[in-house]
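For ligands, and for the atoms within them, numbers begin at 1 and follow the listed sequence. Keep in mind the model is a prediction, meaning the values are calculated, not measured.
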Amino acid sequence: MPHDTPLISTIVGGLVLAFIFGAIAHRLRMPPLVGYLIAGVLVGPHTPGYVADQSLAPELAEIGVILLMFGVGLHFSLKDLLSVRGIAVPGAIVQIAFATLLGWGLGAFMGWPTGGSLVFGLALSVASTVVLLKALQERRLVETERGRIAVGWLIVEDLAMVLALVLIPAAASIGGEGHGPVEPLSAGLNRLLGLDLGVGGMIAMTLVKVVLFVALMLVFGRKLIPWTMHRIAHTGSRELFRLGVLAIALGVAFGAAKLFGVSLALGAFFAGMVLAESELSHRAAQESLPLRDAFAVLFFVSVGMLFDPNILIDKPLPILATIFIIVIGKSVAALLIVLAFKKPLGTALTISASLGQIGEFSFILAALGVELGLLPEEGRDLILAGAIISIVLNPLLFFLCDRLRPLLEGTKREEATAEPAPATDAAIAQQQLPAEDDDVHPTALNGHAILIGYGRVGKIVGQNLKSSGTPFLVIEDSDKRIGELKAQGIEAFMGNAVARETLDLANLSTARSLAIAIPNAFEACRIAEQARSVNPSILIVARAHSDAEVDELKQYGADTVIMGEREIALGMVDRLAQVHHESVPYEDRHEPDTIIPTGTAPPEKE
Ligand code: AMP
């Protein structure tokens with residue numbers, strides 16, 4: 001490997017090793033991110049062998065953060081964001097205060113100066129965007145109410161950290177505790193102003209800049225960005241569209257950070273949010289997906305690189321205390337706060353699990369603390385070790401919450417019936433959303449049909465089942481669709497149908513048929529496989545988009561697989577035959593195991 005190409009070697013080394021260890025982790029039934037972190041430790045400076053560039057890796061990881069937040073913004077409208085402010089703002093503030101207090105306590109116990117202990121506490125209080133979003137995405141929770149609260153919470157934390165990064169250097173210079181260079185992270189304007197203004201002025205200036213950025217995005221960006229994307233979409237060039245998506249996500253994020261001192265993540269979130277209401281948002285999300293995933297992997301590699309395994313031997317007790325604060329202290333605080341807002345237990349557990357880790361902002365705070373001479377190096381090492389261990393423990397935390405829920409549920413439900421929630425904004429918003437899983441009971445249906453997915457395909461199937469009077473239920477993972485279903489009086493369960501718990505609610509063992517109307521064949525195979533093992537005689541009808549998918553679905557137990565593209569072709573043949581007065585014999589058009597489409601409802605525009 002030539003040593004004058006650090007960027008290439010960092011990307012290649014990071015991705016190749018992450019792939020190898022990710023695959024091994026998957027094989028061992030561990031989350032792949034454990035593999036990515038190990039790859040990072042291996043290319044890091046603390047282990048022998050190849051060492052990746054230590055300044056490039058975190059920069060590459062930032063691109064992952066930008067694309068992730070952009071993707072989340074694409075699923076978020078301003079209304080969604082405002083609907084969770086009632087809980088996200090106080091929740092995040094109280095949790096930051098609580099975690100900072102705990103961290104400060106540990107710092108004081110270790111004999112660090114007050115300023116250092118506070119920086120340490122703050123670093124432990126802020127969750128990692130990448131870890132949180134990955135966890136929510138894997139569980140398909142981003143578009144649920146609890147997902148929205150978690151993302152809103154994250155955004156408040158992000159804003160608080162933008163303020164903290166400006167305030168800490170100022171406070172250090174006033175308090176005279178530090179000895180290092182006093183320089184705010186958001187350079188340029190801030191530094192200039194910092195000379196003239198006091199702390200109050202700096203806070204005000206930072207807030208003004210954030211507000212200015214948000215206002216600009218909501219007034220001009222909201223028109224300009226969708227307009228640009230529509231123009232590009234009309235060129236018909238997929239390549240240009242893809243490029244446009246990247247240019248907007250990265251460009252706005254970078255501009256926001258450089259000009260307005262807003263974090264890259266926040267800038268990207270707003271870039272996505274102004275596109276969310278456009279019908280192109282779905283395509284934009286798809287186009288940024290592959291790059292987003294690749295760079296998110298590099299985030300974990302760059303975290304792994306910072307880790308020095310020796311610390312586990314040198315300072316086991318302080319590490320344990322740090323992890324306790326991150327994983328238990330923060331989670332319990334979040335849990336209590338969410339429950340205090342009378343949210344269901346499932347929501348509270350998901351939010352607290354998703355926040356029980358730390359990441360990128362903590363590293364930035366730690367680095368700043370050390371640079372200013374506030375935080376001893378020992379503190380930074382503890383933060384790094386705490387981050388990597390809490391990230392590894394995070395999937396476990398989600399697992400534990402899933403287990404804990406049924407145990408705690410009984411008492412919670414009693415409380416809920418005894419005491420109706422007051423009609424606050426948050427409660428009203430909650431009523432408009434589908435009920436969370438907490439009060440879900442398995443269906444009472446027998447001999448029924450189960451329909452998975454209620455999109456372009458599932459909707460037509462569902463309407464047919466409804467009009468023919470067939471007893472059926474739907475499993476869907478988008479809460480908007482669940483809302484539609486409930487409004488029509490159709491029994492529906494929210495969740496990813498791949499999850500066994502969701503399938504169990506549908507009473508598979510006594511169902512007569514299962515229609516898998518989702519586009520992802522990989523997931524459809526997992527569903528067919530589970531259904532077949534529970535109910536050997538159920539009729540399974542599935543949807544596919546290629547011959548290979550048809551074969552695979554049949555292998556996993558589907559009886560009949562409808563290949564979308566083939567049915568489209570047949571529809572065209574039918575129409576052409578009418579015009580040309582040709583009659584195509586039925587047996588020539590349909591394989592014995594395909595079904596004639598019954599409804600002629602027009603396809604819905606996504
Ligand atoms: P369409 O491709 O328009 O037919 O939409 C597919 C529908 O299936 C969408 O409404 C998705 O939310 C839903 N969907 C996709 N995957 C799953 C899944 N694994 N579990 C439940 N619903 C799903």
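A salt bridge is absent between Arg139 and Asp477: the closest approach of a Lys/Arg side-chain nitrogen to an acidic carboxylate oxygen does not fall below 4.0 angstrom. Ion pairing between a basic and an acidic side chain is recognised when a charged N comes within 4.0 Å of a carboxylate O; Arg238 and Glu287 show such pairing.
Residues passing the salt bridge (Lys or Arg N to Asp or Glu O under 4.0 Å) test with Asp504 are Arg500, sequence neighbours excluded.
Those atoms of ligand 1 with a heavy atom of Ala497 less than 4.0 angstrom away are 18 (C), 19 (N), 20 (N), 21 (C). Here is the list of ligand 1 atoms found below 4.0 Å of a heavy atom in Val457: 4 (O). Atoms of ligand 1 found under 4.0 Å from any heavy atom of Gly495, numbered from 1 in the order shown, are 20 (N), 21 (C).
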For side-chain contact (heavy atoms from CB on, under 4.5 Å), just list the numbers for Leu133 and Met69, CA-CA rounded to whole Å, side-chain angles, deciding distance to a tenth of an Å, and then say yes or no.
CA-CA 8 Å; Leu133 295 180; Met69 279 303 262; 3.7 Å; yes
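Under the 6.0 Å distance and 45° angle rule, Arg526 counts as a cation-pi partner of Tyr556.
For the pair Asn496 and ligand 1, a heavy-atom separation below 4.0 Å is found. Taking 4.0 Å as the cut-off, Lys459 does not count as a neighbour of ligand 1 on heavy-atom distance.
An N or O contact shorter than 3.5 Å is missing between Gly458 and ligand 1 by distance. Of the N or O atoms in Val498, none lie within a sub-3.5 Å distance of an N or O in ligand 1.
For the residue pair Glu145/Thr347, the side-chain donor-acceptor check at 3.5 Å is not satisfied.
Under 4.0 Å from ligand 1, the heavy atoms of Pro519 that appear belong solely to its side chain. Counting heavy atoms closer than 4.0 Å to ligand 1, residue Arg481 contributes side-chain atoms (C-beta onward) but none from N, CA, C or O.
At least one donor-acceptor pair closer than 3.5 Å links the side chain of His448 to the backbone N or O of Ala506.
Nearest to atom 4 (O) of ligand 1 by heavy-atom distance, out of Glu523, Met494, Arg543, Glu476, is Arg543.
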